[in-house]
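Have a look at the structure below before the remarks.
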Amino acid sequence: MPGRLIGSWVFTALVAACAADTFAATDAEIQLIQNTVRGQHASLADYCKLSDEARRQMVFQTTLKLMSDKKLTDPQGAGAAAGAALRKACGLESTPLTNLQLRWQVTAKPLAFEAGFKTVGMLTTASGMANQIYVPENYKTSDGLLPAVVLNHTIGGVSGHLKTQAKSLLDAGYAVLMVDSYGPRGLRPGSVALLPSDMAKDAYDALAHLQAQPYIDKKLVFQTGYSLGAFVSALLASPEGATALKSQSRFRATVAHYGSCSLGDGQLAFLSADSDRPVLLLMGELDIETPVKTCFPMLDQMKTAGKPVQWHIYPNTTHGWDKLENNGYVYRAANGQTMTYRYDETVTKDAIDKMIAFFKSQT
C-alpha cells in the first residue's frame with residue numbers, strides 16, 4: 001500500500017526544522033526532539049561544533065523519524081521550536097533557510113550503480129532492475145549508441161508498474177536506468193522518506209553513470225518520474241539545480257507522471273519560471289494527492305514566456321493511474337477529503353505513448 005505523499009508531511013517537517021522561527025507546539029514534543037538530537041552526542045558542545053548544515057539535517061531527520069513513528073502531533077511547530085531552542089542553547093543566531101534554498105537540500109549519501117548492462121528476462125522483477133542499466137533485447141555495442149532514460153519512483157518505492165514503464169521504453173529503443181533511492185539506504189518506502197532534492201541528486205548521479213558508458217549517447221539522456229519522482233522531473237528542468245547539486249551535465253528533457261508544480265499554495269516550487277529544459281507534465285483531473293491546480297496559472301504564464309513546457313490533463317483520472325497493484329487504495333488528504341486510486345489501462349498506454357513521442361521530438 002502506498003505511503004502518504006511526501007508533500008503532505010515530509011515538507012511540513014522540513015520547513016519546520018530548517019526554516020520557520022514561529023511555532024506553536026506542546027512543550028513535550030519540543031523537548032522530545034531536543035532530547036533525541038542531544039542524545040546522539042556525548043555533550044551539547046559536540047552538537048554545537050557541527051556545521052550549520054549538519055545541525056539542520058540532524059533536527060530535520062529527527063523530526064521526520066519521530067513524525068513517522070507517530071510521536072508528534074504538531075511536527076511543524078515542534079520541529080521549528082526544537083531547532084530554534086538548540087540554536088539558542090549553542091549560543092548561535094538563527095539562520096533559517098529561504099524556500100528557494102530548501103529546494104536543493106540534500107540529506108542522503110550518494111548511491112552506487114552497477115557496472116555493465118543487462119536485458120529483461122521472464123523472471124526479471126522491477127526491484128531486480130534497480131540501479132543498473134538495462135538495454136533493449138538483442139542489443140550489441142556494435143549496433144551503435146543508445147539514447148537512455150532514468151526512472152524515478154513514487155514514495156512507494158520501486159514496484160511493479162515501473163517494470164511496465166521500463167519495458168515500454170526498452171521496446172522503443174532506449175536504455176533504462178531505474179533508480180531505487182530507498183533500498184540501498186535501508187529506508188522503508190512510505191515511512192522515513194527522502195526529499196525530492198535527494199532524488200534529484202540521485203537522478204543526476206544516474207545521468208553521470210550513463211554518460212560514462214561508451215554505448216550511451218551522452219546528448220540523449222532523459223528522465224521520467226512518477227508522483228514523488230515527478231517532483232524530481234520538474235526540479236530537473238531548472239538550471240539552478242544542476243549548479244546546486246554539482247552536476248556537470250543536464251537531462252535532455254523530462255516527463256512528470258501525476259506530479260505537482262508546487263507544494264500547497266506555492267511556497268515551495270518544484271517547477272520554476274527559470275526552467276530551460278523541455279518538460280512534459282501528465283496529470284489527472286481528479287487527483288487530490290498531487291492536484292492540478294498547483295500548476296496554474298504558472299504553466300500558462302511559462303508557455304506565454306516561451307518556456308519549453310507542455311502538459312496534458314486526463315479527464316476523470318486519479319493519482320497513480322498506471323499502478324494496478326494499488327487499484328482501489330483510498331488516499332485521505334489532511335483535510336479529510338478522499339480519493340480512490342483507479343487503474344486505467346487506456347490512460348496508462350496513452351501516457352507512455354505521449355512520453356516516448358515527447359522524448360523522440362527532442363532528438
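In this text, all values refer to a predicted model and were calculated from it rather than measured experimentally.
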- Would you say the side-chain atoms of Ser233 and Gln223 include a donor-acceptor pair closer than 3.5 Å? yes
- Note on the structure: Sequence neighbours excluded, the answer for side chain to side chain contact (heavy atoms under 4.5 Å, CB included) partners of Leu286 is Asn316, Thr318, Arg342
- Value for CG (Leu324) from OG1 (Thr348), rounded to nearest 0.5 Å, stands at 9.0 Å
- Task: Rounded to the nearest 0.5 Å, what's the gap from NZ on Lys307 to OG on Ser275? Could you check?
- Result: 7.0 Å
- Verdict with supporting geometry, Lys303 and Asp300, salt bridge (charged side-chain N to carboxylate O under 4.0 Å, His left out): CA-CA 5 Å; Lys303 193 74 172 179; Asp300 290 321; over 6 Å; no
- With side chains defined as the heavy atoms from C-beta onward, is the minimum distance between Phe222 and Thr254 less than 4.5 Å? no
- For residues 116-127, pull every pair meeting salt bridge (Lys or Arg N to Asp or Glu O under 4.0 Å), keeping only residues two or more places apart or in separate chains. none
- Sequence-distant partners of Tyr258, ring-ring contact (aromatic ring centres under 6.0 Å, His included), two or more places apart: His319, Trp321
- Message: Just by distance, no angles: are the side chains of Thr317 and Glu285 close enough, under 3.5 Å, to form a donor-acceptor pair?
- Response: no
- Close aromatic pair by centroid cut-off 6.0 Å: His161 and Tyr343: no
- Just wondering, more than 12 heavy atoms not from Glu137 lying within 6.0 Å of its CD? no
- Message: Checking Ser159 against Glu325 for the side chain to side chain donor-acceptor pair (under 3.5 Å) test, could you report, in this order, the C-alpha distance in whole Å, the side-chain angles of both residues, the deciding distance, and whether it holds?
- Response: CA-CA 8 Å; Ser159 59; Glu325 62 267 35; 2.9 Å; yes
- Consider only side-chain N and O atoms of Asp27 and Gln31, and report whether a donor and an acceptor are under 3.5 Å apart. no
- Item | Any residue meeting side chain to side chain contact (heavy atoms under 4.5 Å, CB included) with His41, in chain and number order, not counting sequence neighbours | Asp46, Tyr47, Leu50, Met58
- Message: Pair Val330, Tyr341 - check side-chain contact (heavy atoms from CB on, under 4.5 Å), show working.
- Response: CA-CA 6 Å; Val330 178; Tyr341 276 41; over 6 Å; no
- Message: Nearest 0.5 Å, please: how far is OH in Tyr204 from NZ in Lys246?
- Response: 13.0 Å
- Message: Just verifying a value: how many Å separate Leu280 CG and Gln362 CD, rounded to the nearest 0.5 Å?
- Response: 9.5 Å
Name the atoms and distances for all side-chain donor-acceptor pairs under 3.5 Å in residues 209-221, with sequence neighbours left out.
unit_1, atom_1, unit_2, atom_2, d
His209, NE2, Glu114, O, 3.1
Gln211, OE1, Ser249, OG, 2.8
Gln211, NE2, Lys218, O, 2.9
Gln213, NE2, His209, O, 2.8
Asp217, OD1, Lys219, N, 3.1
Lys218, NZ, Gln211, O, 3.2

- Message: Using the side-chain hydrogen bond (donor to acceptor under 3.5 Å, both in side chains) criterion, which residues pair with Thr141? Sequence neighbours excluded.
- Response: none
- Asp287 side chain to Thr290 side chain, donor-acceptor N/O pair below 3.5 angstrom: yes
- Tell me, do Gln132 and Met178 make a side-chain contact under 4.5 Å, heavy atoms counted? no
- How about Tyr226 and Asn152: do any of their side-chain heavy atoms sit closer than 4.5 Å? no
- Step by step, work out the side chain to side chain donor-acceptor pair (under 3.5 Å) result for Ser272 and Arg103. CA-CA 11 Å; Ser272 53; Arg103 295 178 71 204; 3.3 Å; yes
- Interatomic distance, Ile352 atom CD1 to Lys354 atom NZ [nearest 0.5 angstrom]: 12.0 Å
- Query: Do Cys295 and Trp311 come close enough that some side-chain heavy atom pair is under 4.5 Å?
  - Reply: no
- Would you say the side-chain atoms of Thr62 pair up with the backbone N or O of Val59, donor to acceptor, closer than 3.5 Å? no
- Task: Flag the pair Trp104 / Thr243 as yes when at least one side-chain heavy-atom distance between them is below 4.5 Å, and no otherwise.
- Result: no
- Query: Arg185 and salt bridge (charged side-chain N to carboxylate O under 4.0 Å, His left out): which partner among Asp180, Asp198, Asp202?
  - Reply: Asp202
- Might you work through the side chain to side chain donor-acceptor pair (under 3.5 Å) test for Thr224 and His257, ending with a clear yes or no? CA-CA 8 Å; Thr224 187; His257 298 255; 3.1 Å; yes
